[in-house]
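Heavy atoms only: backbone and side chains are in, while hydrogens, waters and symmetry mates are out.
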Amino acid sequence: MPRQVDHDSRRRTIAEAVCALADRDGLEGVTLRDVAEEAGVSMGAVQRCFRTKDEMLVFALSHVSEQVAARIRRAHGLGRVAAEIALLTEGHRAQARVWLAFAARAAVSPPLAAVLRAHYAEAHALLTRLIQATGDDGPDAAGDAAERARTLLALADGLTAHVLIGHLTPHAAQAVLDHHLATAPAR
């Protein structure tokens with residue numbers, strides 16, 4: 001009897017292999033052959049799961065985005081959510097490198113850009129809700145909260161790059177984030 005393959009599980013295994021390679025070598029180092037080797041499957045198995053390399057990359061970015069989004073949804077409080085978005089901890093360093101590799105590629109790949117836009121829209125909506133929950137009931141509280149959320153999202157995302165290239169230590173980046181949260185106007 002032929003062995004049954006869990007297609008979704010295999011796709012996730014391949015996505016993890018893409019991420020491992022992207023972490024080590026950037027997306028330039030992601031070839032179908034290397035992905036198959038890293039995932040411990042045949043090239044044919046990779047090709048049965050994904051018709052093209054771009055399709056494989058889109059799935060891998062969606063996989064990483066969902067991992068980050070799930071962690072963000074579990075975080076409590078505005079500061080904690082912003083820190084999760086920034087991927088500042090040592091435990092998230094590999095994911096941050098992968099994220100930035102995909103972000104760079106998304107600048108020239110509309111399908112990857114679409115995945116990132118969706119992720120950022122979800123993060124922005126969550127930050128907006130958290131800011132609104134602070135109870136500011138001014139005349140344009142919703143608009144102000146959305147703008148503050150946009151600023152915080154951009155700051156957190158930018159801190160990721162600053163830490164990865166060594167411009168800031170994770171501790172210094174966290175201090176920047178904390179300072180912004182402490183000094184941002186309530187409205």
Pairwise ring pair (Phe, Tyr, Trp, His ring centres under 6.0 Å) hits with a residue in residues 33-68, at least two apart: Phe50-Phe59
With sequence neighbours excluded, residues passing salt bridge (charged side-chain N to carboxylate O under 4.0 Å, His left out) with Glu28: none
For Ala149 against Leu127, the heavy-atom pair lying closest together: CB-CB, 3.7 Å
Pairs touching residues 163-174 that satisfy side chain to side chain donor-acceptor pair (under 3.5 Å), sequence neighbours left out: Gln174-Asp178
Counterpart residues, side chain to side chain donor-acceptor pair (under 3.5 Å), relative to Thr151 (two or more places apart): none
Reported NE2-to-CH2 distance for the pair His92 and Trp99, which is rounded to 0.5 angstrom: 13.0 Å
Arg51: side chain to side chain donor-acceptor pair (under 3.5 Å) partners, not counting sequence neighbours: Glu55
Separation between CZ of Arg129 and CG of Leu126, rounded to the nearest 0.5 Å: 5.0 Å
Distance-minimising heavy-atom pair for Ala123 and Ile85: CB-CD1, 4.1 Å
Pairs touching residues 36-48 that satisfy side chain to side chain donor-acceptor pair (under 3.5 Å), sequence neighbours left out: Arg24-Glu38
Of all pairs that satisfy salt bridge (charged side-chain N to carboxylate O under 4.0 Å, His left out), the ones with a partner from residues 89-102, not counting sequence neighbours: Asp23-Arg97, Glu90-Arg93
Shortest non-hydrogen contact from Ala39 toward Thr13: O-CG2, 3.8 Å
Heavy atoms of other groups near His7 NE2, more than 12 under 6.0 Å: yes
Straight-line distance of Leu116 CG to Phe102 CZ, nearest 0.5 Å: 9.0 Å
Any residue meeting salt bridge (charged side-chain N to carboxylate O under 4.0 Å, His left out) with Arg117, in chain and number order, not counting sequence neighbours: none
Anything under 3.5 Å between a donor and an acceptor, one on a side chain of residues 152-163, the other on a protein residue two or more places apart or in another chain? List them.
unit_1, atom_1, unit_2, atom_2, d
Asp157, OD1, Tyr120, OH, 3.1
Asp157, OD2, Tyr120, OH, 2.7
Thr160, OG1, Ala86, O, 2.6
Thr160, OG1, Ala156, O, 3.4
Thr160, OG1, Asp157, O, 3.3

Salt bridge (charged side-chain N to carboxylate O under 4.0 Å, His left out) partners for Asp54, two or more places apart: Arg105
Residue pair Met56 / Leu32, side-chain heavy-atom distance below 4.5 Å: yes
Heavy-atom closest pair, residues Asp34 and Gly29: OD2-O, 3.7 Å
Counterpart residues, salt bridge (charged side-chain N to carboxylate O under 4.0 Å, His left out), relative to Asp25 (two or more places apart): none
Residue pair Ala45 / Arg10: nearest heavy atoms and the distance that separates them: CB-NH1, 3.6 Å
Sequence neighbours excluded - salt bridge (charged side-chain N to carboxylate O under 4.0 Å, His left out) pairs with any residue from residues 76-89: Arg71-Glu84, Arg80-Glu84
Reference residue Val18; test side-chain contact (heavy atoms from CB on, under 4.5 Å); the match among Val30, Val46, Val98: Val30
Nearest non-hydrogen partners of Val64 and Cys19, listed with the distance: CG2-SG, 3.2 Å
Spacing of Asp8 atom CG and Cys49 atom SG [to the nearest 0.5 Å]: 9.0 Å
